[in-house]
2 protein chains.
Amino acid sequence: MKIGKLAQLAQCTVETVRYYEREGLLAAPARTAGNFRLYGAAHIERLRFIRNCRALDMSHDEIRNLLALADRPAEGCGAVNAVFDQHIVHVDERIRELAQLKEQLSALRQRCAGEQAVDTCGILQGLAAMETEARHERHTHLG
Amino acid sequence: MKIGKLAQLAQCTVETVRYYEREGLLAAPARTAGNFRLYGAAHIERLRFIRNCRALDMSHDEIRNLLALADRPAEGCGAVNAVFDQHIVHVDERIRELAQLKEQLSALRQRCAGEQAVDTCGILQGLAAMETEARHERHTHLG
DNA sequence: GTACAACCTGAAGTTACTATAGAGAAAAGT
DNA sequence: ACTTTTCTCTATAGTAACTTCAGGTTGTAC
């Protein structure tokens, strides 16, 4: 099958497929005489795997890692578990960060009820007065 | 004061300050005879405001919006509230997305307890078998 | 034979910065 | 006064995971 069909089956765009090939996530397939990419069942499986990992917000590095592990069927899957556990930690951290953010935002939001002039707006005053904190370095690739 | 002092007071790097100037978030200041940027109290206030917005994970577009509103003191702050409410919605959505993600990840994680070979690993099987869903377009800039 | 969709490559744009290189200016030490 | 160190300047490239664009080729339908 050609790239359009593959992309459709994996629910992504053809540009994304070509991008994954450049990135080394998806092996370069055979070509037709006219230079069109020709994919088979193995490619669908691989791409689906990648897209599912992405749906779980894994980074390309994490995915590359997982794919390499999956390609050595004889080995144990302790490493797979490790990648997964690490990723779950990332997600957890980000959820906690956002929850805290939401509290701050809600507190600020309550400082302005209605339609006063902006120079007495509690939100803007709050934003100007907040204690500026150093940028927290992020330990997760999740934004 | 020069850029290093300003950056220190706002808890960011000098590169970030220069970047904000290029982006139009911070007005270009006067220069010394030696071409060094010279900042005053108004710049500190402005930069603090920006950094506080960033600490709340607002995008530059949202911040630009707020700054423009704050610069028209006579007008009502309904628009400010709107920016804020919209941003809170973004954060909420992202929290829900991540919570759902975590459930999926935990469910998958339970499919592999220990050290079997990877070709029978429940996690990898799960990743290969998951129903591939179309990439949800994001309505938030939060990762 | 000609219109049109699907495909090709390569490069640039996105966000909010960070990092680097190479050079000039100012401050500190002797 | 001289040297060393620190600060600042501009311009450019890199980050993640794509998307978009420009310009050209192939395949297919009528």
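Computed from a predicted model, the values in this text were never measured in an experiment. Residue numbering restarts at 1 for every chain, and letters A, B, ... go by the order of the sequence lines.
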Between protein and nucleotides 7-14 of chain C, map the contacts as a letter string: B base, S sugar-phosphate only, - none, heavy atoms under 4.0 Å, written 5' to 3'. SSB-----
Rounded to the Å, how far apart are [X] [atom1] and [N] [atom2]?
X	N	atom1	atom2	value
A:E21	D:dC18	CD	C1'	16 Å
A:I63	D:dA17	CD1	P	8 Å
A:L56	D:dA17	CG	C1'	16 Å
A:L38	D:dG27	CG	P	11 Å
B:R64	C:dA16	CZ	P	8 Å
B:M1	C:dA27	CE	P	15 Å
B:D57	C:dT15	CG	P	15 Å
A:L26	D:dA17	CG	P	16 Å

Side-chain N or O of [X] less than 4.0 angstrom from OP1 or OP2 on [N]?
X	N	value
B:Y20	C:dC17	yes
A:H60	D:dA16	no
B:T16	C:dT18	yes

Any non-hydrogen side-chain atom of [X] less than 4.5 Å from a side-chain atom of [Y]?
X	Y	value
A:C12	A:L47	yes
B:Y39	B:I44	no
B:M130	B:Q104	yes

Who passes side-chain contact (heavy atoms from CB on, under 4.5 Å) against A:D61, sequence neighbours left out? A:S59, A:R64
Please list, chain by chain and in numerical order, all residues satisfying side-chain contact (heavy atoms from CB on, under 4.5 Å) with B:S106, sequence neighbours excluded. B:K102
Out of [options], whichever nucleotide has its closest atom nearest the side chain of [X]:
X	options	result
A:T13	D:dT19, C:dA16, C:dC17	D:dT19
A:Y19	C:dT18, D:dG27, D:dT19	D:dT19
B:S59	C:dT18, D:dC18, C:dA16	C:dA16

Does atom CD of A:E15 have more than 12 heavy-atom neighbours from other groups under 6.0 Å away? yes
Lys/Arg-Asp/Glu bridge criterion (N-O < 4.0 Å) met for B:R18, B:E21: no
